[in-house]
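For ligands, and for the atoms within them, numbers begin at 1 and follow the listed sequence.
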Amino acid sequence: MILVTGATGNVGRGVVDLLLARGLKVRAVTRDPAPGRIPDGAEVVTGDLLTDPAGLDDALDGVDAVFLNAAAFLHGGDGGTPAATFLRLARKRGVGRVVLLTSGTVQADVPADLQANVIGRMHRVVEEAVETSGLGWTLLRPGEFMANSLDWAPQIRAADVVRAPYGDARWAPVHERDIADVAVHVLTTDGHLGTVYELTGPETLTYHERARLIGEAVGRPVRLAEITPDRARSAMIVAGVPAPVADTLLALTATGVDRPEEVSPTVRELTGAPGRTFAQWARENKAAFESRPPRPRDEER
Ligand SMILES: NC(=O)c1ccc[n+]([C@@H]2O[C@H](COP(=O)([O-])OP(=O)(O)OC[C@H]3O[C@@H](n4cnc5c(N)ncnc54)[C@H](OP(=O)(O)O)[C@@H]3O)[C@@H](O)[C@H]2O)c1
C-alpha cells in the first residue's frame, strides 16, 4: 500500500493515476473528499497534515511507502513540527520509505535557518524533518512547474496578452507528469534512499517563448508584454501572496535573465524518456486558454 498526500495536486494526481495503472494499492489523503477529487480505485482518507497530523495514524496502517507533498506544511509557521509528528507515526507503523516533493529553491547543504530565502527555508524545514525521521527517504527538488503558466489563463482568454516581468528570463520548466513519473519510479524501485534529485524540464525557455507556444497550441497569437517588477509585486500582493514570498519569487525569476537555468538530466536518467516539452504541455492544457464564447452583446456589434 502506498499513501499519497497532496493527491489532488498537480503532481499527486499523476502519482495516484500511475500507481493505480501499475495495479498497486493507493491510499490518497485529502482535506476534502468530495466526489471526483480522487480517481476511482484509490482508497480515500480525509485528513489535515498541518493541523492534525496525528489524525492520520490509522491511515498509515499497512503502508509500505509514502509520497509526501511539502505543500501541506508551508502555511502556518513551523511546518517542521507537524511533519515530524506525521513521520514519527509512519516509522512506528513500519513504513519503509518516504519520497518528499520539495523544491529546487532549497540551497543544497544549507540548514533551514541559514537558507537565503523564505521559500527555501519553508521547504528545508520539512526536508530536515524527513532526513531525521529514521525512515528511508528520497527528496525530489523540482524547479518551476509548467502548470504555473495556468496563472496566465485569465489574461490570455481575455486579450491574448500576458503581462509579466522579466520576459527574457530563461528557465527550464518541468512537466508535472514528469515529476510524477520520477516519484513513482523512486517509490517502486530500489537504490534511491538518501538521494536528492533535482528536476527540470528538457529545455530552457524565456517567458516570451512560453507565451508564443501557448499561442501556437490555441491557434492564435499570444504575446507577453513586459511589466515592471514593482507592478508584478503589487499584483501578487493583491492576489494574497505574502510580501516576502512575492519578493523571493521575483528575485529568483530575475536571476534567469543573466544566468539561464541548467537543464538537469535526472528525468531522462530515471524514467528513460526525455522530459515532456512545454509545447506538449500547452497542447494538453489548451482548453484553459481558449477564448470564452462571445457574449451576445459582442455578436450584435
Ligand atoms: N509550482 C512550482 O513551480 C513549484 C516548484 C517547485 C516546488 N513546488 C512545490 O510543490 C508543492 C506543490 O505541489 P503541487 O503543485 O502538486 O500541489 P498543489 O497543486 O499546489 O496542491 C496542494 C496539495 O496539497 C494538499 N494539501 C495542502 N494543504 C494540506 C493540508 N494541510 N493537509 C493535507 N493536504 C494538504 C492539497 O490537498 P487537498 O486540497 O485535497 O486537501 C493538494 O493536493 C509545494 O511544496 C511547492 O512549493 C512547486
Side-chain angles (χ1 to χ4, degrees), residues 3-18 26-39 42 44-56 59-60 66-83 85-86 99-107 115 117-127 129-130 139-152 169 171-184 196-201 207 210 236 241-242 245 248-249 252-253 256 261 264 278 281 285:
L3 185 84
V4 178
T5 76
T8 57
N10 293 307
V11 177
R13 276 195 300 270
V15 173
V16 172
D17 285 342
L18 291 164
V26 177
R27 194 170 287 155
V29 178
T30 175
R31 291 164 299 173
D32 172 9
R37 295 195 80 227
I38 305 278
V44 181
V45 171
T46 307
D48 190 317
L49 282 154
L50 181 66
T51 61
D52 185 19
L56 285 159
L60 288 159
V66 172
F67 174 75
L68 188 62
N69 186 330
F73 304 109
L74 300 185
H75 305 287
D78 175 22
T81 303
T85 302
F86 173 75
V99 176
L100 177 70
L101 172 61
T102 166
S103 168
T105 54
V106 173
Q107 292 168 288
Q115 287 285 316
N117 68 64
V118 64
I119 301 177
R121 196 152 53 243
M122 289 188 302
H123 286 87
R124 183 62 197 147
V125 163
V126 184
E127 290 186 2
V130 166
L139 307 183
L140 306 184
R141 284 190 189 145
E144 188 189 357
F145 294 2
M146 291 183 183
N148 291 0
S149 292
L150 290 172
D151 291 349
W152 292 351
W171 292 92
V174 59
H175 195 300
E176 305 71 57
R177 191 50 79 121
D178 285 329
I179 305 172
D181 279 337
V182 167
V184 167
V196 179
Y197 290 120
E198 309 268 351
L199 308 174
T200 71
Y207 291 99
R210 290 192 223 180
M236 287 162 95
V241 179
V245 174
T248 299
L249 287 172
L252 286 171
T253 304
E261 183 172 32
S264 153
F278 189 81
W281 180 92
N285 290 277

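In this structure, Thr253 and Trp171 approach most closely via the heavy-atom pair O-NE1, 3.3 Å. Contact between Pro173 and Arg210 at its shortest, heavy atoms only, is CG-CZ, 3.7 Å. Across all non-hydrogen atoms, the minimal contact from Asp17 to Pro39 is OD1-CG, 3.3 Å. Across Thr5 and Asn69, no two heavy atoms sit closer than the pair OG1-N, 2.8 Å.
In this structure, atom 31 (N) of ligand 1 lies nearest to the protein heavy atom Asp48 OD1, 2.8 Å. The nearest protein atom to atom 34 (N) of ligand 1, hydrogens excluded, is given as Ala72 CB, 4.0 Å; this is a heavy-atom distance. Of all protein heavy atoms, the one closest to atom 25 (C) of ligand 1 is Gly6 CA, 3.9 Å. Protein heavy atom nearest atom 46 (C) of ligand 1, with residue, atom name and distance: His123 NE2, 3.7 Å. For atom 33 (C) of ligand 1, the closest heavy atom belonging to the protein is Leu49 N, 3.6 Å. Of the protein's non-hydrogen atoms, Asn10 ND2, 2.8 Å is the one closest to atom 15 (O) of ligand 1. Of all protein heavy atoms, the one closest to atom 18 (P) of ligand 1 is Gly9 CA, 3.9 Å. Of all protein heavy atoms, the one closest to atom 9 (C) of ligand 1 is Thr102 O, 3.7 Å.
Applying the 4.0 Å criterion to heavy atoms of Thr30 picks out, from ligand 1, the atoms 38 (P), 40 (O), 41 (O). Close approach to Ala7 involves these atoms of ligand 1, each under 4.0 Å from a residue heavy atom: 43 (O). Residue Ser103 approaches ligand 1 through these ligand atoms, each under 4.0 Å from one of its heavy atoms: 6 (C), 7 (C). Per-residue contacts place Leu74 under 4.0 angstrom from the following atoms of ligand 1 (heavy atoms of the residue considered): 45 (O), 47 (O). The distance from ligand 1 to the heavy atoms of Thr8 drops below 4.0 Å at these ligand atoms: 36 (C), 37 (O), 38 (P), 39 (O), 40 (O), 42 (C), 43 (O). Those atoms of ligand 1 with a heavy atom of Leu50 less than 4.0 angstrom away are 31 (N). When each atom of ligand 1 is checked for a heavy atom of Gly143 under 4.0 Å away, the hits are 5 (C), 6 (C).
Taking the salt bridge (charged side-chain N to carboxylate O under 4.0 Å, His left out) definition, one finds that Arg121 meets it with nothing, sequence neighbours left out. Considering only residues two or more places apart in sequence or on other chains, Tyr197 meets the ring-ring contact (aromatic ring centres under 6.0 Å, His included) condition with His192.
Contact between Val29 and ligand 1 is absent, with no heavy atom of the residue lying under 4.0 Å from the ligand. Within the structure, the closest approach of Leu101 to ligand 1 falls below 4.0 Å when heavy atoms are considered.
When atom types are taken as modelled, the side chain of Thr85 and the backbone of Ala54 share no donor-acceptor pair closer than 3.5 angstrom. In terms of modelled atom types and a separation under 3.5 Å, the side chain of Asp52 and the main chain of Asp48 share no donor-acceptor contact. No side-chain donor-acceptor contact under 3.5 Å links Thr46 to the backbone of Val29. A distance-only check finds no donor-acceptor pair linking the side chain of Gln115 to the backbone of Val106 [under 3.5 Å]. The main-chain N or O of Asp32 is found under 3.5 Å from a side-chain atom of Arg37 such that the two form a donor-acceptor pair.
For the atom pair CH2 (Trp281) and NE2 (His175), the distance works out to 8.5 Å, reported to the nearest 0.5 Å. Here the CG-CG distance, from Leu100 to Leu140, works out to 7.5 Å after rounding to the nearest 0.5 Å.
The closest heavy-atom contact to atom 30 (C) of ligand 1, among the options Met122, Arg31, Arg13, comes from Arg31. Nearest residue to atom 12 (C) of ligand 1 from Asn69, Val11, Val174 is Asn69 (criterion: closest heavy atom). Proximity annotation for atom 4 (C) of ligand 1: of Phe73, Phe145, Trp171, Phe145 comes nearest, heavy atoms only.
Checked by distance only, ligand 1 and Ala71 come closer than 3.5 Å through their nitrogen or oxygen atoms. The shortest N or O to N or O distance between Pro142 and ligand 1 is not below 3.5 Å.
With a 4.0 Å heavy-atom cut-off, ligand 1 is reached by the side chain of Arg37 but not by its N, CA, C or O.
Under the 3.5 Å distance criterion, with hydrogens and angles disregarded, a donor-acceptor pair is assigned to the side chains of Thr102 and Glu127.
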